[in-house]
Amino acid sequence: MCDEFTAGAEDAALASQGVTRRTFAALGGAATLAACAGPSNGQTAALTESTVRIPTPDGSADAFFVHPFKGAHPGIVLWPDVGGLRDAMMIMGRRLAGSGYAVLVPNQYYRGAAAPVITSFSEWRRPEGQAKLRPLIAALNGEGTIRDATAFVGFLDGHAAVDKGRKIGTQGYCMGGPFAVRTAAAVPGRVGAAASFHGGGLASDKPDSPHLLLSRTQASYLIAVAENDDAKDPAEKERFRDAAAAAGRHAEIEVYPADHGWCVPDTPMYNHVQADRAWGRLLAIYAKL
C-alpha cells in the first residue's frame with residue numbers, strides 16, 4: 001500500500017515520461033488545482049458542496065460533502081488514499097455527485113489533524129510529507145474505521161439530500177479499499193455496494209483482515225486490482241473471491257493493466273483510460289443501489 005515497491009513503479013512511470021520526481025512534486029499540485037478551477041464552496045455546476053463536521057465516538061471528523069442542488073440521491077462514502085482528503089479527492093467527489101449521488105469524502109486522519117494534511121500526492125513521497133502522515137497512519141485501525149463508518153453513514157441518512165429509500169455505496173482507494181469493506185460490515189443493512197481501487201491488504205493473513213468480514217455484509221463488491229499489486233501477491237484476489245463466494249456475496253474482481261494509484265488524478269501512476277474504465281464499472285454497481 002503505497003510502499004517502496006510502488007514508489008519504484010512511480011519512478012519508472014515518471015522516467016518514461018521524461019519527468020523527475022522533483023519536477024512532478026513541483027507541478028502535481030498545480031495541475032490538480034487547475035482541474036479544480038472555479039468556486040470551492042457553495043453551488044458549482046448545479047452541485048452544492050460544503051465542509052462538514054461529523055461527531056464520532058473518537059471526536060469530530062471533518063469531511064467534504066457534495067451533492068446535486070435539487071432532490072434526494074443515494075449516499076456515498078468515498079474513502080481517500082494515503083494522501084488523505086485534498087483537492088484530488090474533492091475532484092472525484094464532484095464528478096460522482098454530478099452523476100446523481102450525495103458524496104461524503106471524509107478526512108480519515110481527523111483524530112490527529114484537519115484536512116488537508118498534504119495538498120497533493122507528490123508530498124507523500126517527500127520526507128516532510130511522510131513525517132506528517134506516518135504517525136497519523138499508525139493511529140488508524142480496523143475498529144476505529146468501523147466506528148467512523150457508522151457515524152458517516154448516520155450523517156448521510158440524516159441529510160435531506162440523501163434518499164433513504166436507496167442503499168448506500170462506498171468506495172476506497174489504496175488504504176481506503178479496506179475501509180470500504182469495513183463500511184459495508186459496519187452498517188450492513190444500509191450499504192449495498194462497496195468498491196476498492198488498488199486497495200491494499202484486502203485479504204491478508206491478519207486476524208482482522210477485511211475479507212473475514214464479508215459474511216457480516218449485504219453488499220456487492222467491485223475489486224479493481226493494480227497489475228503490480230497483483231504481481232506481488234497474486235493469491236490475494238483469490239482469497240477475497242473465495243471469501244465472497246463462501247459468504248454468498250457477489251464480487252467483480254479484475255486485474256487492470258495499470259499500476260498502483262492509477263485511479264487518482266494527482267498520482268504519478270494515473271492512467272486516464274483505465275481510470276475511466278474503472279469509473280464506468282463503479283457507476284454500474286451504484287446504479288443498482
Side-chain angles (χ1 to χ4, degrees), residues 1 73-79 96 99-104 106 140-154 156-157 162-227 229-230 232-256 263 277-289:
M1 179 177 63
H73 309 272
I76 305 293
V77 180
L78 190 163
W79 290 98
L96 188 56
S99 293
Y101 297 93
V103 185
L104 184 71
L140 299 176
N141 59 60
E143 287 304 314
T145 301
I146 293 282
R147 294 192 296 271
D148 290 348
T150 303
F152 298 156
V153 171
L156 289 171
D157 275 344
V162 176
D163 182 353
K164 270 70 73 177
R166 308 250 327 249
K167 294 288 188 177
I168 297 282
T170 183
Q171 67 204 73
Y173 300 84
C174 182
M175 69 157 57
F179 292 3
V181 177
R182 295 188 191 283
T183 302
V187 196
R190 287 297 291 125
V191 178
S196 167
F197 300 95
H198 42 85
L202 290 173
S204 71
D205 58 1
K206 295 180 179 179
D208 64 345
S209 177
H211 78 293
L212 301 176
L213 300 173
L214 295 183
S215 63
R216 291 170 44 180
T217 74
Q218 299 175 33
S220 295
Y221 292 89
L222 170 64
I223 308 299
V225 184
E227 62 182 355
D229 289 337
D230 186 62
K232 188 178 182 181
D233 185 2
E236 182 174 30
K237 64 182 182 297
E238 302 306 330
R239 291 192 294 270
F240 193 96
R241 195 189 309 275
D242 291 345
R249 308 315 313 154
H250 173 75
E252 175 183 325
I253 303 173
E254 181 179 354
V255 178
Y256 280 67
C263 288
R277 190 162 73 85
W279 192 266
R281 295 310 307 151
L282 175 73
L283 294 182
I285 67 164
Y286 281 173
K288 300 176 183 179
L289 290 172

Nearest heavy-atom approach of A194 to A180 is CB-O, 3.9 Å

Rounding to 0.5 Å, atoms CH2 (W79) and OG1 (T145) come to a distance of 5.5 Å

Would you mind reporting whether V181 and H211 have side-chain heavy atoms less than 4.5 Å apart? no

Does the pair V187 and I168 meet the rule for a side-chain contact (heavy atoms from CB on, under 4.5 Å), with working shown? CA-CA 9 Å; V187 196; I168 297 282; over 6 Å; no

Are the side chain of R166 and the backbone of L289 linked by a donor-acceptor contact shorter than 3.5 Å? yes

Looking at every heavy atom in both S209 and S204, which two are closest together, and how far apart are they? OG-N, 2.9 Å

Table please: side-chain donor-acceptor pairs of residues 172-179 below 3.5 Å, with sequence neighbours left out.
{"unit_1": "Y173", "atom_1": "OH", "unit_2": "Q171", "atom_2": "NE2", "d": "2.8"}

Rounded at 0.5 Å granularity, tell me how far CG in L212 sits from NZ in K206. 12.5 Å

Can you confirm whether L283 sits close enough to S99 that some side-chain heavy atom of one is under 4.5 Å from a side-chain heavy atom of the other? yes

Is the backbone of T170 close enough, under 3.5 Å, to the side chain of Y286 for a donor and an acceptor to pair up by distance? yes

Which residues satisfy the side chain to side chain donor-acceptor pair (under 3.5 Å) test with D157, sequence neighbours excluded? R190

In short, G75 meets V162 closest at the heavy-atom pair N-CG1, 4.0 Å

Looking at K167 and G189, would you say the former's side chain and the latter's main chain have a donor-acceptor pair under 3.5 Å? yes

side-chain contact (heavy atoms from CB on, under 4.5 Å) evaluation trace for R277 with E254: CA-CA 12 Å; R277 190 162 73 85; E254 181 179 354; 2.9 Å; yes

Which residues satisfy the side-chain contact (heavy atoms from CB on, under 4.5 Å) test with E236, sequence neighbours excluded? L202, A203, D233, R239

So which heavy atom on A149 is nearest to which on T183, and how close? CB-OG1, 3.5 Å

Contacts of A224 meeting side-chain contact (heavy atoms from CB on, under 4.5 Å) (sequence neighbours excluded), chain-then-number -> F197, Y256, W262

Pairs of donor and acceptor atoms involving the side chains of residues 215-223, under 3.5 Å and at least two apart or interchain, shall be tabulated with distances.
{"unit_1": "T217", "atom_1": "OG1", "unit_2": "L214", "atom_2": "O", "d": "2.9"}
{"unit_1": "T217", "atom_1": "OG1", "unit_2": "Y221", "atom_2": "OH", "d": "2.8"}

Roughly how far apart are L282 CG and E252 CD, rounded to 0.5 Å? 10.5 Å

Going by side chain to side chain donor-acceptor pair (under 3.5 Å), name the residues that satisfy it together with K237, two or more places apart in sequence or in a different chain. D230

